[in-house]
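The next block holds one structure in the form of structure tokens; read it before the comments.
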Amino acid sequence: MVVVRKRLIFWLIKAYIKKSGKTMILSFLLGLIIFFGVLFSSKYFIHLIPFSKKQTIGIVGAYTQDNLPANIVNKLSLGLTTVSPSGTIQPGLAATWNITSDGKIYTFHLKPDQHFNNGTLVTSQTINYNFSDVSEERPDNNTIVFKLKNAYAPFLVTVSRPIFEQGLVGVGEYNLSKFQLNGNFMQSLSLIGAHDRQDVINYEFYPTEESLKTAFKLGEVTQVDGLTGIVSNDLNLKNFPNTRITNKGDYTQLITLFYKNDDPVLSDKRVRLALTYALPDKFTQGKRAYLPYPPTSVYYNNDEVDVYKQDFAHAKLLLLPDQNASGSGEKAPTTLTLKILPQYRPTAEAIAAAWKNLGITTKIVEVDTIPYDYQVFLGDFSLPGDPDQYTLWHSDQKDNITHYKNLRIDKLLEDGRKIDDIKQRKSIYANFQKYLLEDAPAAFLYFPDMYTIVRK
């Protein structure tokens, strides 16, 4: 009886397969197709799902479409070259280049088979810098030639600016997905991975650091970049739950004390040196600096330059009258006016306390921008990728806010932007640092701390 039942079951199965076998096979194959179809296509729509994992980063600043932060722009595209943290030039869209005609002609050879993220092939015709006073030639699709009127060594850094097609379509790891403006200024912006559409980064822009810290505490952002401090309304964010904080010095910005070199008091180099020798060896707001280049730069010359460590005895000696033949001399200053940008008040107070040891009273005055009329100004300047600081220190430049004049420095700065050989340039800028510090037209203070806060 058991055998009969087994045979019955077998016959039923055999009959079912014979009747519905094709349907079963087709259903199985269709299931496989649907499974793998969903698997491979999910990366194109998963970012639309509300619960998909996204990174939301908060940034402080007023930015427009044409003036986005460098860390965002560099995610979207590349220039002909790239600049390493040490200041050396690396290939970008260009594989190689050569410089001829005494530094006036730059010829770039593009890497083959590069495409914008919309599929357009990168050719010499798509390189669209449009420099003024520079003529361009495109002998073939992979070669572009720039002809300059005068030799300009920083040109290799200039062409590191990322290239885009219309609509900010670049060749980078990300595409611009969407953005929202508040007037002319960016309010939010989203990037999506060019090769992985699950990789989404949302940027939210805030007017002040305090508003950004509040946004982090409220959960509006998962990460905060570029904070100069981590205290918010007496709450230290390092004590905030599930939070990781990293501190990295910002080597693109140098906080500096500018002396007005044609001021009746500060025109005396000894006074400027005395004030510099009295400055603190540490500032709580960042990493101490003594030179106009970051320590990561190949042009940094700390080994050959005497830096001004705090030395009150030497500073007081410098302020003693310089006796001349008649026995008279200039008197040391007893008061100074220090104009500052508001964010640097703690630094200004530390400087004023140090100068008090020299018998100098400091009047601190806040200003909103770089002042034309001042004795001492506490501000900052951006460090370019190239060591050239011609506009800041050359005597005929309007941006030379210290009114510093030194023919030897002028000549070094002129030569430095004409010579492209890195060995010769290192020698030129080593001398530039040496002689600049000897004159002390300014005192370099620190690279500001930059905190990144991430919610774990």
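The structure presented is a predicted model; accordingly, all values stated were derived computationally and were not measured.
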Return all side-chain donor-acceptor pairs below 3.5 angstrom for residues 202-211, not counting sequence neighbours, or 'none' if the list is empty.
from, atom 1, to, atom 2, distance (Å)
Asn202, OD1, Ser190, OG, 2.6
Tyr206, OH, Glu220, OE1, 3.1
Thr208, OG1, Ser211, N, 3.1
Thr208, OG1, Ser211, OG, 3.1
Glu209, OE1, Thr228, N, 3.3
Glu209, OE1, Thr228, OG1, 3.2
Glu209, OE2, Thr228, N, 3.0
Glu209, OE2, Thr228, OG1, 2.9
Glu210, OE2, Ser232, OG, 2.5
Ser211, OG, Thr208, N, 3.2
Ser211, OG, Thr208, O, 2.8

If we only count heavy atoms from C-beta on, is the Asn261 to Arg272 side-chain gap below 4.5 Å?
yes
Who passes side chain to side chain donor-acceptor pair (under 3.5 Å) against Tyr277, sequence neighbours left out?
none
Is any side-chain heavy atom of Ser177 closer than 4.5 Å to one of Val200?
no
With Phe381 via ring-ring contact (aromatic ring centres under 6.0 Å, His included) - residues at least two apart
none
State whether the number of non-hydrogen atoms from other residues, nucleotides or ligands found under 6.0 Å of Gln90 atom CD is greater than 12.
yes
With sequence neighbours left out, write down each residue that passes side chain to side chain donor-acceptor pair (under 3.5 Å) with Gln343, or none if nothing qualifies.
none
Do Ser297 and Tyr251 have a side chain donor and acceptor closer than 3.5 Å?
no
Steps toward side-chain contact (heavy atoms from CB on, under 4.5 Å) verdict (Thr402, Tyr259):
CA-CA 6 Å; Thr402 61; Tyr259 303 125; 5.8 Å; no
Going through the distances and angles, do Tyr293 and Asn301 end up as a side-chain hydrogen bond (donor to acceptor under 3.5 Å, both in side chains)?
CA-CA 8 Å; Tyr293 299 115; Asn301 191 39; over 6 Å; no
If you define the side chain from C-beta out and look only at heavy atoms, does anything of Val171 sit under 4.5 Å from Ser77?
yes
Does Leu218 have more than 12 heavy atoms from other residues, nucleotides or ligands lying within 6.0 Å of its CG?
yes
Any residue meeting side chain to side chain donor-acceptor pair (under 3.5 Å) with Asp386, in chain and number order, not counting sequence neighbours:
Arg425
Kindly indicate whether the side chain of Thr452, heavy atoms from C-beta on, has any atom under 4.5 Å from the side chain of Lys248.
no
Side chains of Asn406 and Tyr435: donor-acceptor distance under 3.5 Å anywhere?
no
Dump the intermediate steps for side-chain contact (heavy atoms from CB on, under 4.5 Å) on Phe377 and Thr256, then the final yes or no.
CA-CA 8 Å; Phe377 170 58; Thr256 302; over 6 Å; no
Does the pair Asp268 and Arg270 meet the rule for a salt bridge (charged side-chain N to carboxylate O under 4.0 Å, His left out), with working shown?
CA-CA 5 Å; Asp268 187 341; Arg270 297 167 307 162; 2.5 Å; yes
Modelled atom types, side-chain donor and acceptor of Asp410 and Ser395, under 3.5 Å
yes
Which atoms form the tightest heavy-atom contact between Pro333 and Ile360, and what is the distance?
O-CG1, 3.3 Å
Looking only at heavy atoms, the pair that brings Ile255 and Pro448 closest together is CG1-CD, 4.1 Å
Exceeds 12 heavy-atom contacts within 6.0 angstrom, atom NZ of Lys111
yes
Ser160/Thr82 under side-chain contact (heavy atoms from CB on, under 4.5 Å): CA gap, chis, key distance, verdict
CA-CA 5 Å; Ser160 68; Thr82 61; 5.6 Å; no
Does anything in residues 160-178 form a salt bridge (charged side-chain N to carboxylate O under 4.0 Å, His left out)? List the pairs, not counting sequence neighbours.
none
Those residues at least two apart in sequence (or on a different chain) that pass side chain to side chain donor-acceptor pair (under 3.5 Å) with His403 are Asp262
Could Arg417 and Tyr390 be counted as a cation-pi pair, given that NZ or CZ must be under 6.0 Å from the ring centre and within 45° of the axis?
yes
Tyr446 and Phe283 aromatic ring geometry - parallel, tilted or perpendicular at 30°/60° bounds
tilted
Could you report the tightest heavy-atom contact between Pro292 and Leu436, atom names first, then the distance?
CG-CD2, 4.3 Å
List the steps, then state whether ring pair (Phe, Tyr, Trp, His ring centres under 6.0 Å) holds for Phe131 with Phe155.
CA-CA 11 Å; Phe131 298 123; Phe155 190 71; 5.4 Å; yes
Return all side-chain donor-acceptor pairs below 3.5 angstrom for residues 366-376, not counting sequence neighbours, or 'none' if the list is empty.
from, atom 1, to, atom 2, distance (Å)
Glu366, OE2, Arg345, NE, 2.9
Glu366, OE2, Arg345, NH2, 3.4
Tyr374, OH, Ile401, O, 2.8
Gln375, OE1, Thr337, N, 2.9
Gln375, NE2, Asp263, OD2, 3.4

Evaluate the criterion side-chain contact (heavy atoms from CB on, under 4.5 Å) for residue pair Ser86 and Thr296; output intermediate values, then yes/no.
CA-CA 5 Å; Ser86 67; Thr296 55; 5.7 Å; no
I need the minimum non-hydrogen distance between Leu76 and Asn175, along with the two atoms involved.
CD2-C, 3.7 Å
Kindly compute the distance separating OH (Tyr451) from CG (Asp250), expressed to the nearest 0.5 Å.
13.0 Å
Specify whether Phe444 and Trp393 have parallel, tilted or perpendicular ring planes, treating 30° as the upper limit for parallel and 60° as the lower limit for perpendicular.
perpendicular
Knowing that exactly one of Leu257, Leu266, Thr362 qualifies, which makes a side-chain contact (heavy atoms from CB on, under 4.5 Å) with Leu275?
Leu266
Enumerate, atom names and distances included, each donor-acceptor pair closer than 3.5 Å involving a side-chain atom of residues 99-110, sequence neighbours excluded.
from, atom 1, to, atom 2, distance (Å)
Tyr106, OH, Tyr152, O, 3.0
His109, NE2, Asn98, OD1, 3.4

Using atom types as modelled, flag every donor-acceptor pair under 3.5 Å from a side chain in residues 59-74 to any protein atom, sequence neighbours excluded.
from, atom 1, to, atom 2, distance (Å)
Thr64, OG1, Asp66, N, 3.3
Thr64, OG1, Asn67, N, 3.3
Asn74, ND2, Ala70, O, 3.1

Just wondering, do Trp97 and Val159 contact through their side chains at under 4.5 Å, heavy atoms?
no
What pairs with Lys405 under salt bridge (charged side-chain N to carboxylate O under 4.0 Å, His left out), at least two apart in sequence or on another chain?
none
To the closest 0.5 Å, what do you measure between CE (Met450) and CG (Leu227)?
8.5 Å
Could you work out, with salt bridge (charged side-chain N to carboxylate O under 4.0 Å, His left out) as the rule, every residue matching Lys411, not counting sequence neighbours?
Asp415
Please report the shortest heavy-atom distance between Ala443 and Thr276, naming the atom on each side.
CB-OG1, 3.9 Å
Return the minimal non-hydrogen interatomic distance between Phe447 and Pro295, and the atom names on each side.
CE1-CD, 3.8 Å
Between the side chains of Tyr129 and Thr158, does any donor sit under 3.5 Å from an acceptor?
no
Can you confirm whether Lys426 is buried at NZ, in the sense that more than 12 heavy atoms of other residues, nucleotides or ligands lie under 6.0 Å from that atom?
no
